[in-house]
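Hydrogens, waters and symmetry mates are skipped; everything else that's a heavy atom, side chains included, is used.
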Amino acid sequence: MAHSFVLKKRLNIRQACYIFNISETCYRYQPKLGNENDIIADWLLAITEGHRSWGFKWNHKRIYRIYRELELNLRIKPKKRLKRKKPEPLQMPRSINKTWSQ
């Protein structure tokens with residue numbers, strides 16, 4: 001909306017941003033979309049056809065967004081967690097007013 005008012009020369013950028021309650025940086029922002037998204041989408045399609053267990057080295061949020069746009073059904077693996085042993089129980093003091101650390 002702010003863009004249309006500025007293009008019609010009814011308001012300047014500062015006034016339009018104030019009226020529509022947006023920042024001027026938000027008004028001037030231009031996303032940097034490259035052909036990298038297309039490359040990622042091609043890789044995702046290739047993996048779904050052949051190798052279901054392979055991963056990527058791109059930004060995981062971008063991968064997930066493109067993955068959702070393509071409506072793919074790959075399983076997202078959870079992270080493997082380390083198994084920890086149970087700690088040993090603390091020793092009881094041998095006499096009164098003694099602690100296990102003494």
Side-chain angles (χ1 to χ4, degrees):
M1 294 276 306
H3 284 284
S4 63
F5 275 88
V6 172
L7 289 175
K8 293 177 184 177
K9 300 194 181 207
R10 293 183 182 175
L11 298 171
N12 62 27
I13 294 173
R14 185 175 38 156
Q15 292 170 338
C17 291
Y18 179 77
I19 290 172
F20 291 104
N21 199 20
I22 59 172
S23 66
E24 290 186 40
T25 54
C26 181
Y27 174 84
R28 290 186 171 94
Y29 175 75
Q30 296 293 324
K32 296 177 183 176
L33 298 177
N35 59 352
E36 199 171 69
N37 287 351
D38 296 331
I39 295 170
I40 294 170
D42 292 339
W43 273 98
L44 280 172
L45 290 173
I47 284 180
T48 54
E49 292 173 2
H51 309 282
R52 296 181 178 268
S53 62
W54 287 10
F56 285 97
K57 293 184 180 179
W58 283 296
N59 183 332
H60 69 279
K61 294 175 189 174
R62 176 189 275 182
I63 295 291
Y64 188 69
R65 179 178 48 81
I66 296 171
Y67 171 85
R68 298 292 292 169
E69 288 174 1
L70 294 173
E71 298 178 358
L72 299 176
N73 292 322
L74 279 178
R75 180 177 70 91
I76 297 174
K77 292 183 181 180
K79 292 183 180 180
K80 292 183 180 179
R81 298 182 184 235
L82 296 175
K83 292 182 180 177
R84 296 186 180 226
K85 296 178 182 177
K86 292 183 181 177
E88 295 180 11
L90 294 176
Q91 297 177 357
M92 295 297 293
R94 296 184 184 186
S95 63
I96 299 174
N97 293 332
K98 295 285 184 178
T99 62
W100 62 269
S101 62
Q102 290 181 343

Within 6.0 angstrom of D42 CG, more than 12 heavy atoms from elsewhere: yes

Does Y18 have any ring pair (Phe, Tyr, Trp, His ring centres under 6.0 Å) partners at least two apart in sequence or in another chain, and if so, which? none

How close do C17 and S23 get, heavy atom to heavy atom, and via which atoms?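 So the two residues come closest at SG-O, 3.9 Å.
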
Heavy-atom closest pair (L11 atom, A16 atom, distance to 0.1 Å) is CD1-CA, 4.0 Å

With sequence neighbours excluded, what pairs up with R10 under the salt bridge (Lys or Arg N to Asp or Glu O under 4.0 Å) test? none

Please name all residues satisfying side-chain hydrogen bond (donor to acceptor under 3.5 Å, both in side chains) with E24, sequence neighbours left out, ordered by chain then number.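 Here the qualifying residues are R28.
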
Suppose we screen for side-chain hydrogen bond (donor to acceptor under 3.5 Å, both in side chains). Which residues come up paired with S4, at least two apart in sequence or across chains? none

Which residues end up grouped with I13 if you chain together Ile, Leu, Val, Met, Phe, Trp and Tyr wherever their side-chain heavy atoms are less than 4.5 Å apart?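 So far as hydrophobic clustering goes, I13 is joined with V6, I22, Y27.
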
